[in-house]
**Student:** 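Sharing a structure, written as structure tokens. Questions coming.
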Amino acid sequence: MKQYASVTKDSCIACGSCSSAAPEIFDLDNDGVAEVIYEGDSNRGITAIARELLADLQDAIDSCPTGCIKLAAAPLT
Ligand code: SF4
């Protein structure tokens with residue numbers, strides 16, 4: 001199954017856990033808030049995450065203290 005992700009930035013506390021767990025998927029933006037950077041997704045949640053990165057993605061979701069990483073089986077926007 002394909003997986004798509006995005007960060008609800010309003011709920012992100014910029015802890016950096018997601019970018020540590022999955023640096024190919026998440027990074028902090030210029031305001032220090034996390035976003036999905038995978039393959040130029042720009043936090044739109046429209047780029048299917050590669051199968052080999054899904055374990056890292058789940059680690060990032062599990063490590064997020066505010067639960068602000070959205071995950072879906074279809075594009076989010
Ligand atoms: S783990 Fe969650 S709260 Fe922390 S930077 Fe990533 S999205 Fe934001």
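None of the values given here were measured: they were computed from a predicted structure. We count ligands from 1, going down the list as the structure has it; atoms in each ligand are counted the same way.
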**Student:** Atom 2 (Fe) of ligand 1: which protein heavy atom is closest, and how many Å away?
**Tutor:** Cys64 SG, 2.3 Å
**Student:** Examine the proximity of ligand 1 to Ile13 and report which part, side chain or backbone, both or neither, has a heavy atom under 4.0 Å away.
**Tutor:** both
**Student:** Please determine if Asp31 and Lys9 form a salt bridge, counting it only when a charged side-chain N lies under 4.0 Å from a carboxylate O.
**Tutor:** no
**Student:** For atom 8 (Fe) of ligand 1, decide whether Cys12 has an N, O or S atom at a distance under 2.8 Å.
**Tutor:** yes
**Student:** Below 4.0 angstrom from a heavy atom of Ser17, which ligand 1 atoms are there? Numbered from 1 as shown, please.
**Tutor:** 1 (S)
**Student:** Can you hop from Val7 to Leu53 via hydrophobic side chains spaced under 4.5 Å?
**Tutor:** yes
**Student:** In sequence, state the C-alpha distance, the side-chain angles, and the governing distance for Cys18 and Cys64, and then conclude on side-chain contact (heavy atoms from CB on, under 4.5 Å).
**Tutor:** CA-CA 6 Å; Cys18 57; Cys64 178; 5.8 Å; no
**Student:** Of all the atoms in ligand 1, which lie at a distance below 4.0 Å from a heavy atom belonging to Ala34?
**Tutor:** 5 (S), 6 (Fe), 7 (S), 8 (Fe)
**Student:** Under a 3.5 Å distance rule, please check whether Asp59 uses its side chain to pair with a backbone N or O of Ala21 as donor and acceptor.
**Tutor:** no
**Student:** Mark up the atoms of ligand 1 that fall under 4.0 Å of a heavy atom belonging to Cys18, in ascending order.
**Tutor:** 1 (S), 5 (S), 6 (Fe), 7 (S)
**Student:** side-chain contact (heavy atoms from CB on, under 4.5 Å) with Leu71: which of Leu76, Ile61, Ile49?
**Tutor:** Ile61
**Student:** Short question: side chain of Ser19, backbone of Leu28 - any donor-acceptor pair under 3.5 Å?
**Tutor:** no
**Student:** When you look for heavy atoms under 4.0 Å from ligand 1, do you find them on the side chain of Cys68, its backbone, both, or neither?
**Tutor:** side chain
**Student:** What residue and atom, counting heavy atoms only, is the protein's closest point to atom 4 (Fe) of ligand 1, and at what distance?
**Tutor:** Cys15 SG, 2.3 Å
**Student:** For a quick test of reading the model, state the closest non-hydrogen atom pair linking Glu35 to Asn43 and the distance between them.
**Tutor:** CA-OD1, 3.7 Å
**Student:** In terms of atom number and element, which parts of ligand 1 are under 4.0 angstrom from non-hydrogen atoms of Thr66?
**Tutor:** 3 (S)
